[in-house]
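The structure appears right after this line, and notes come after that.
Residue numbering restarts at 1 for every chain, and letters A, B, ... go by the order of the sequence lines. Because the structure is predicted, anything quoted here is derived from the model rather than measured.
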Protein chains: 4
Amino acid sequence: MQAGAPKFRRRKEARPAEIVAAAFEVFAEKGFAGAKLDDIATRAGVSKGALYLYFETKEDLFRAVVTQGVAPNFEAVLAVLASHPGPIGPLLEMLAGRMAEVVTTTPVGGLVKMVIGEARNFPELAQVWHDQLVSKALGALTAAIAAAQARGEVKPGDPRMYALSVASPLLVGVIWRETFAPIGAEPFDMPALARQHVRAVLQGILTEAG
Amino acid sequence: MQAGAPKFRRRKEARPAEIVAAAFEVFAEKGFAGAKLDDIATRAGVSKGALYLYFETKEDLFRAVVTQGVAPNFEAVLAVLASHPGPIGPLLEMLAGRMAEVVTTTPVGGLVKMVIGEARNFPELAQVWHDQLVSKALGALTAAIAAAQARGEVKPGDPRMYALSVASPLLVGVIWRETFAPIGAEPFDMPALARQHVRAVLQGILTEAG
Amino acid sequence: MQAGAPKFRRRKEARPAEIVAAAFEVFAEKGFAGAKLDDIATRAGVSKGALYLYFETKEDLFRAVVTQGVAPNFEAVLAVLASHPGPIGPLLEMLAGRMAEVVTTTPVGGLVKMVIGEARNFPELAQVWHDQLVSKALGALTAAIAAAQARGEVKPGDPRMYALSVASPLLVGVIWRETFAPIGAEPFDMPALARQHVRAVLQGILTEAG
Amino acid sequence: MQAGAPKFRRRKEARPAEIVAAAFEVFAEKGFAGAKLDDIATRAGVSKGALYLYFETKEDLFRAVVTQGVAPNFEAVLAVLASHPGPIGPLLEMLAGRMAEVVTTTPVGGLVKMVIGEARNFPELAQVWHDQLVSKALGALTAAIAAAQARGEVKPGDPRMYALSVASPLLVGVIWRETFAPIGAEPFDMPALARQHVRAVLQGILTEAG
DNA sequence: CATGAATGAGGTTTCATTCAT
DNA sequence: CATGAATGAAACCTCATTCAT
């Protein structure tokens, strides 16, 4: 022990994150009530008691999982929106592509499911998601569309609804993956869906004959 | 009360439906695990034990609630799709209007939330919903779009994705109502959303200048 | 209905006996706690409520089953003992033969099992069995042996223990049938056992060389 | 208290045995269904929940009680039988004496009652008792008697029945203690009973005049 | 007499939380 | 910091008993 090599020391500072990661998996799999702290502790490689060194209660841990899932996604979304002030068409295409990538490569679907399923039991979490992510993203998108309308690029109409029109299929695709893919239903190719949907909304699906 | 309706009439036939209705409310509010049988029984106006005269277990009751929610919605959806073989534009407008009405006037939102939230814990319910409602409705819509493509009315593209493009905002609107409306978020005017969205998908949102 | 034929009338007076018979089967099979009144009612061909027209409680019904099993067996045993005042040898042989027949042809084994298993929970039943059956039979047997001792037929020794020596194997044979026969253990041939055992007790199993 | 024995010592190793001991008492007193886990836990000095740290279910605990009662009795029985290969007379006398001591000083009566009372509901337990204790002991006794017959010590006759003849009164004495002693019936002096019974079986109870 | 729907007390079981070590 | 044995409140479920019909 002379050399002072930290043989058995675990990185204390990493613990909470490891626990949250394990909790995320279990909550996403079983829902809030179905998740057992025993299971979370085991997956995190700690004892059940250790959870209480970092989180007051199960609800507290759930909150940490859901709220910590906001920030990263938040960054990704707003960064894209902020970086493209130009014409609405390319912006939406770019945005959809990025989002398709995000939802494909990150477990955001599990978070979405948890927020939907437990919104009534944890209104504060719905609040956090709404205020910090959904409202801001939808607001930014709405603003971009409104600006495009002002520039004469986009037809008249409620820009907030247009924003929902643009964004919905991706969300539904994610939910589909969480809900119906596990029972064997054919999933959607998210990037392709994003691409085709944006084009449809921008230019319509009807031909001149239609 | 002229007819002298018996106060304490036994009503074996009505009871299950009353219980399912009460259970629906509680499950939609609290989720599966959060729902207490005591609460359900009280709302149904029966004792806890009476629930077990009609349903074997809590899960059984949950299944009844979710599966019995399929049929009525199923009727509504397919009836509309079947009744309009004509050009795709008016069909979609009609369809969207009807669906907006359905989701506004029926508690289908609660069912959707339950299916999404408990799909992992009750895969059979996800299966029922997929097979009997979602798959059929999406299939019918896909078929209608494919037919329109064959007639030259609709641009090339994956018709199943087009179907999702058309239907998603209504679903998201419903989820929004279940998730964010309870915390005070501004809800969407579903009929207006349906109308504007269908027009957007049909003809695009871009102006000629866009 | 002119002829006054009792079309749908069931023999009221037979009901209690039918119920006790059905209850006997179920109690013997499952024990007191394991027996469900639903099951008993079904086997008796009456409704659950009807049981309460004849018996106050489940315990009451159990008591009826156990106590009503005493009398008939009681008669058979004492009749034999009383009718043979002669030499002890033939008496015991006769008695053993009769008892072997009784335990083979009547479900007394079920009763014995119930009394043993529930004696602590229903001391009054143990009391009834002891006072009305066991004590009397053992007493009569003891008296017969004591009389034989007085006549010089039987060696000195505690006559009550001798009585137990004589009677035990039959009881154990009955218990064996209730306990180990259901799992496939080889049963005992009760008449043969009775015959051989009485002979053994009377004359010993040792040869002169033994 | 000199040694400073820790008051609230955790004793993972001792707990299961303590619980089984407490459970034995309660099961022997009330039977399986009549035993309340609350009662068992209280007697074991633990909480109700603690039972589930060591046993999956109430049935599991019952099984543990019954099966763990086999081994000690098994030792006692076979040790005696194995130690005496000599002439059958002294062997049986020795055996009976030892067994009388065992049944007097150990709570084997409670176990016997439980096995008899719940054999139908827990056939596996009857199986364990039969295979590991009863069958082996009866088999060994039967073999010893058959050997004595081969040596000409014992009269012809079914040796298995002879074994039952020899062993039964002790078993009945034990059952008597469990069943009728609690209601005030005169118990049997087990050692005396064993002694007199073996002598009776060996040499008969009849005098030459009998 | 007879029914069977309904009751509700009571039991087993689970699991978030605590705390001596 | 960390453990994990222990707790006990709360939930689901059973079933003897009742009573309007």
Side-chain angles (χ1 to χ4, degrees), chain A residues 8-10 12 15 32-42 45-62, chain B residues 6-13 15 33-41 44-61, chain C residues 8-10 12 15 32-42 45-61, chain D residues 6-15 33-41 44-61:
Chain A
F8 296 128
R9 212 190 50 197
R10 303 247 181 95
K12 311 176 199 178
R15 276 282 160 84
F32 177 75
K36 318 283 173 240
L37 289 189
D38 247 331
D39 195 358
I40 293 173
T42 302
V46 300
S47 72
K48 218 184 342 175
L51 301 181
Y52 286 85
L53 297 174
Y54 303 101
F55 304 93
E56 302 257 330
T57 65
K58 185 186 186 183
E59 293 194 11
D60 204 43
L61 179 53
F62 185 65
Chain B
K7 233 181 195 169
F8 298 105
R9 180 169 41 107
R10 295 290 160 75
R11 39 191 175 173
K12 194 185 174 186
E13 327 79 39
R15 275 286 150 80
K36 312 296 171 221
L37 290 187
D38 246 336
D39 195 359
I40 293 173
V46 299
S47 70
K48 229 184 327 176
L51 302 182
Y52 289 86
L53 295 175
Y54 304 100
F55 304 93
E56 304 253 331
T57 64
K58 184 185 185 183
E59 292 195 12
D60 204 42
L61 179 53
Chain C
F8 296 128
R9 212 191 52 198
R10 302 245 181 97
K12 310 177 200 175
R15 275 282 159 82
F32 177 74
K36 317 283 173 241
L37 290 189
D38 247 333
D39 195 359
I40 293 172
T42 302
V46 300
S47 72
K48 219 186 337 177
L51 301 182
Y52 286 84
L53 297 173
Y54 303 101
F55 304 93
E56 302 257 330
T57 66
K58 185 187 187 183
E59 293 194 12
D60 205 42
L61 180 53
Chain D
K7 233 180 197 171
F8 298 104
R9 180 170 39 107
R10 295 290 161 76
R11 38 188 175 174
K12 194 186 175 185
E13 328 79 39
R15 275 287 151 82
K36 312 299 171 216
L37 291 186
D38 246 334
D39 195 359
I40 293 173
V46 300
S47 70
K48 230 182 329 176
L51 301 182
Y52 287 85
L53 295 174
Y54 303 100
F55 304 94
E56 305 252 331
T57 64
K58 185 186 184 182
E59 293 196 10
D60 205 43
L61 179 53

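Judged as a side-chain contact (heavy atoms from CB on, under 4.5 Å), and not counting sequence neighbours, the contacts of Ala50(C) are Val46(C), Ser47(C), Leu53(C). With sequence neighbours excluded, no residue forms a salt bridge (charged side-chain N to carboxylate O under 4.0 Å, His left out) with Lys58(D). Take Thr57(C) and apply the side-chain contact (heavy atoms from CB on, under 4.5 Å) test, not counting sequence neighbours, and it matches Glu59(C), Asp60(C). In this structure Tyr52(B) satisfies the side-chain contact (heavy atoms from CB on, under 4.5 Å) test together with Leu37(B), sequence neighbours excluded.
Atom NZ of Lys48(A) sits about 9.0 Å away from atom OG1 of Thr42(A), to the nearest 0.5 Å.
Across dT21(F) and dC1(E), the matching C1' atoms stand 13 Å from one another, rounded to whole Å.
When the side-chain nitrogen and oxygen atoms of Arg15(D) are compared with OP1 and OP2 of dA6(F), one or more of them lie within a distance under 4.0 Å. Of the side-chain N and O atoms in Tyr54(C), one or more sit less than 4.0 angstrom from OP1 or OP2 of dA2(E).
The nearest whole Å value for the distance from the CG atom in Asp39(C) to the C1' atom in dT14(F) is 15 Å. The distance between atom CG of Leu61(A) and atom C1' of dT17(E), rounded to the nearest whole Å, is 14 Å. At whole-Å resolution of the value, CZ in Phe55(D) and C1' in dA5(F) are 15 Å apart. A straight line from CG of Leu51(B) to P of dT14(F) spans 12 Å, rounded to a whole angstrom.
In DNA chain E, stems built from 3 or more consecutive Watson-Crick or G-U wobble pairs, each with both distances under 3.5 Å, span E:2-21 with F:2-21.
Heavy-atom nearest nucleotides on DNA chain F were determined for Ser47(D) and for Ser47(A), and the one closer to the 5' end corresponds to Ser47(A). Mapping Leu53(A) and Leu53(D) onto DNA chain F by nearest heavy atom places Leu53(A) at the nucleotide closer to the 5' end.
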At under 4.0 Å between heavy atoms, how does the protein contact nucleotides 11-16 of chain E? Give one character per nucleotide, 5' to 3', with B, S or -. SBBBSS
